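Structure record follows, encoded as structure tokens.
In what follows, every heavy atom counts, from backbone to side chain, and hydrogens, waters and symmetry copies are set aside. Throughout, protein chains are lettered first and strands after them, A, B, ... in sequence-line order, and every chain is numbered starting at 1. Quick caveat, the model's predicted, so the values are computed rather than measured.
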Amino acid sequence: MVLNPYRYLVQGIASAVVNIGKEYGLELNYKDVVRLITEPPSMNLGDLGVSIHRFAKQARVNPIDFGEKVASTLRNNSEVSTAKVVGGYVNVFYKPDHLGRLIINSLKENPNYGSEPVDKPLRIIVEHTSANPIHPLHIGHARNAFLGDTLANLLRNRGHVVQTRFYIDDTGRQVAILALGYKLLGEPEPPENIKPDEWLGRIYALTNLLMELKDIRNKLKAIELKLKTTGGSEEDLEEYRRFVKKQDEIVADLDRLWSLDKELFDKLSKAIMEYDGDFEKELGKIMMSYEKGEEWAKKLVRKVVDIALEGIKITLKNLDIDFNKWDYESDLVWSSLVEKIIGKAKNSPYFIIYKGAEALDTGKLAKNKEVIEKLGIRIRGEIPPLILRRSDGTTLYTTRDIAYTIYKFRDFNADKVINIIGAEQRLPQAQVKLALYAIGYRREAENLITYIYEMVHIPGMKMSSRRYRIVTLDWMLSELYDRAKKEVDSRRKDLPKEDRERISRELSKAAVKFQMASIDPLKPLSFSFEKALSLKENSAPYLMYTYARANSVLSKINSIEWDNIDYSEAEHPTRKKLLWLIGKYPWVASKAADDLSPELLGGFLIELADHFNRWYGEERIIDEKDPGIRNLKLAITYGVRHVIGHGLRLFGINVLPYI
RNA sequence: GGGCCCGUCGCCUAGCCAGGAUAGGGCGCCGGCCUUCUAAGCCGGUGGUCCGGGGUUCAAAUCCCCGCGGGCCCGCCA
């Protein structure tokens, strides 16, 4: 049984080229040949073509002679109708009936058509989202989460054994700030009427801002005094103005938070303004005690972290994203694995004391071109040393991440670990890889894949969770839901309320998922509300609509008579194109997994839907009188429905029988 | 100052890694199509110096160099 019709055809051409190459004394690399096989710009030129300039040149023969030999070999294949040499290409035309039979057989015999498992499955970890447990998920996390989830789905579909993990960074400074604010507030239970992560996000931002405000006021006072007594210099005045401006910004942010929740604001600001201790000292104490695992700190920090996680988990559940494992960073620290790493680092030739702190000279290792190449690091400039531990003895996130990487490889016996991570972390992630290599974890360093995505930014808004300038995923989802609901209500007055609600929910989820996961992750994503909420464009609702349309046709017939298909009628151009695309689907799904490129699949699904919708306007399906043709048309419709459904599910999108 | 990423019709985007045939979609705008399988659809029209300049090549949106523009990073933050 052919699992991947397109690959089957490509392989036929590739082996013909390789064989002719041999006749000319060339040892052609099979994969290189496959890369040069493309679809001609128009189906009139052929179904598949291969550029042979390169090979002819290598063989020092006329491209036409080389091409002619390839073409004549291909003409002997039973499914090939003809092969032509045109402008440096060998173009192949397949017999439409053979093509149709090949594709439809593959489709109907495979309930999971579109999954082409690899020969040697790998054990792969996809770590994604991993948001700090201090605030709700925002649209930046959304890109991370949907990329990660889709990648995991794609890899599983390719037959790999995949585990998804969420890394809970509970040992850092941010969590300590939140914990301190929460403590000053008197450690209250979260109120009922607000999502717990939302509530904590406000506490976190308020604590930050109030601390900053207090600090800046002290600085202003000092300068004022100086100005009064000595008159001050031009620089002092300049500094004074800068601080005033910053103070204004903080006040504006505080004002916003005040209007969100006056009661919380008043309580917390009173506590912080009256607090006479040293914030920095207190934060250090929390971090230190937590890392040491002292009971009071464990109780306090775990409590806030778990409140935040409760909210984050609700959001993720609403989006049908689940994780196989949740890893607390603190567990890692307490387990002494981090300590062990530092021990190993001390024995490494790259160990240095940098600015008085224990560090690894990752920059020195990066000078080794071979290592850089092997680790896939692109940074050519100076890479600064990686500090492993603060002077007070607490560890840094990168140090813990080294330990976590090793832990992931061990715990799952993983062949590869993929980290979905924002572009701003490129440098530290490169340092983590170098550090792993430096302390002897070469296999781990080489098989750690840093999957970078660019920022999501909102025009005219600087996102900052420290200042509570964020667009939460919850908000966006509910906004999308409202828009979808309005649309569904006006279009489907015939459906019961629950149906309309379910459809609206699925449409809104799908829209945001598809938008985030189907464009090149390296393109900075300028987030526009209009666009994200429009439900139009190259969007998931369009694909879901197309699915429902195909399903609607199929729901009106009893069954497809697979043995009564008139394959000779597959010559019709639109039908042939559709069959072709259905046949190409497994290849695309495999490639999207192998290249870690979900966007490939997104574009393909849109293309298939475009052709189906065009055809739908062109020809009647169930009204077709001729049984052979009718069954052919139904088989195509079945294929379109299957492929769109299968493909959307890889994006984590649930298809609906009707919308 | 150094480094990384991105730059394709008015706007968004595919193609770039692995150079090859007419740069493919969408939004917008203009004009058509619901007594026929879901009009979230279809058909026609509009719109492109592939950021600029060099170079490599038989061939460059794609590779290399120099610029320009935007974003990000260069912390005992994450």
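- As rounded to whole Å, 10 Å separates atom P of B/C27 from atom CD1 of A/Ile606.
- Rounded to whole angstrom, the span from the CD atom of A/Glu454 across to the C1' atom of B/G71 amounts to 7 Å.
- One interatomic measurement links the two molecules: CG of A/Leu386 to P of B/G75, which rounds to 12 Å at whole-angstrom precision.
- Between the CZ atom of A/Arg378 and the C1' atom of B/C6 there is a distance of 13 Å, rounded to whole Å.
- Ring geometry for A/Tyr204 versus A/His135: interplanar angle over 60°, hence perpendicular rather than tilted (30 to 60°).
- Nearest nucleotide to the side chain of A/Lys57, out of B/A14, B/C76, B/C58: B/C58.
- Remark: B/C16 base-pairs with no nucleotide in the shown strands. Criterion, Watson-Crick or G-U wobble with two distances under 3.5 Å.
- As the counterpart of B/C63, B/G55 is assigned, both hydrogen-bonding distances of the Watson-Crick or G-U wobble pattern falling under 3.5 Å.
- With distances taken from any side-chain atom of A/Thr38 to the nucleotides B/G3, B/C77, B/A21, the minimum falls on B/A21.
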For this session: Assign a letter to each nucleotide of nucleotides 61-66 of chain B from its 5' end: B, base within under 4.0 Å of a protein heavy atom; S, sugar-phosphate only; -, no contact.
Result: ------

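- In this entry the distance linking CZ of A/Arg614 with C1' of B/C37 reads 19 Å, nearest Å.
- For B/G19, one of the phosphate oxygens OP1 or OP2 lies less than 4.0 angstrom from a side-chain nitrogen or oxygen of A/Arg54.
- A sub-4.0 Å separation between OP1 or OP2 of B/A39 and a side-chain N or O of A/Arg549 is present.
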Exercise. Stepwise, does the side-chain hydrogen bond (donor to acceptor under 3.5 Å, both in side chains) test hold for A/Asp170 with A/Ser330?
Worked result: CA-CA 6 Å; A/Asp170 58 339; A/Ser330 49; 2.6 Å; yes

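- Glycosidic conformation of B/C34 is syn; the angle stays within 90° of 0.
- Heavy-atom contacts from other residues, nucleotides or ligands closer than 6.0 Å to CD1 of A/Ile64 number 12 or fewer.
- Around atom NZ of A/Lys84, no more than 12 heavy atoms belonging to other residues, nucleotides or ligands sit under 6.0 Å away.
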For this session: Verify salt bridge (Lys or Arg N to Asp or Glu O under 4.0 Å) between A/Glu561 and A/Arg630, making sure each step is shown before the conclusion.
Result: CA-CA 9 Å; A/Glu561 297 161 43; A/Arg630 184 168 186 265; 5.5 Å; no

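- Nucleic acid contact for A/Lys31: none, since no nucleic acid atom lies under 4.0 Å from a heavy atom of the residue.
- The separation between A/Met455 atom CE and B/G71 atom P is 12 Å, rounded to whole Å.
- Between the side chains of A/Ser130 and A/Glu127, a donor-acceptor pair is found at a separation under 3.5 Å.
- Across the interface with RNA chain B, nearest-nucleotide mapping of A/Arg390 and A/Glu382 shows A/Glu382 to be the residue nearer the 5′ end.
- Considering only the side chain of A/Pro524, B/C6 comes nearest among B/U13, B/A21, B/C6.
- Of the candidate nucleotides B/C42, B/C5, B/U8, B/U8 has the atom nearest to the side chain of A/Lys523.
- One interatomic measurement links the two molecules: CD of A/Glu487 to P of B/A39, which rounds to 15 Å at whole-angstrom precision.
- With rounding to whole Å, A/Leu396 atom CG is found 8 Å from B/C76 atom P.
- The shortest non-hydrogen separation linking A/Val432 to A/Thr405 is CG1-OG1, 4.3 Å.
- The side chain of A/Arg173 lies closest to B/C77 when the candidates are B/C73, B/C77, B/A39.
- Taking only side-chain nitrogens and oxygens, A/Tyr542 comes nearer than 4.0 Å to OP1 or OP2 of B/C42.
- Heavy-atom contacts from other residues, nucleotides or ligands closer than 6.0 Å to NZ of A/Lys374 number more than 12.
- Using a 4.0 Å heavy-atom distance criterion, A/Ile379 is classed as a sugar-phosphate-only contact.
- Shown here, B/C33 forms a base pair with B/G41; the pair counts as Watson-Crick or G-U wobble because both key distances fall under 3.5 Å.
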For this session: Assess whether side-chain hydrogen bond (donor to acceptor under 3.5 Å, both in side chains) is satisfied between A/Asp499 and A/Tyr658, documenting all intermediate values.
Result: CA-CA 10 Å; A/Asp499 260 18; A/Tyr658 53 90; 2.3 Å; yes

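- Interface remark: the A/Asn91 side chain does form a donor-acceptor pair with the B/A21 base, using a distance-only criterion of under 3.5 Å.
- When each of A/Asp595 and A/Val553 is assigned the nucleotide of RNA chain B bearing its nearest heavy atom, the one mapping closer to the 5' terminus is A/Asp595.
- Nearest to the side-chain atoms of A/Ser42 among the listed nucleotides B/A14, B/C37, B/U22 stands B/U22.
- A/Lys486 comes within 4.0 angstrom of nothing in the nucleic acid, heavy atoms only.
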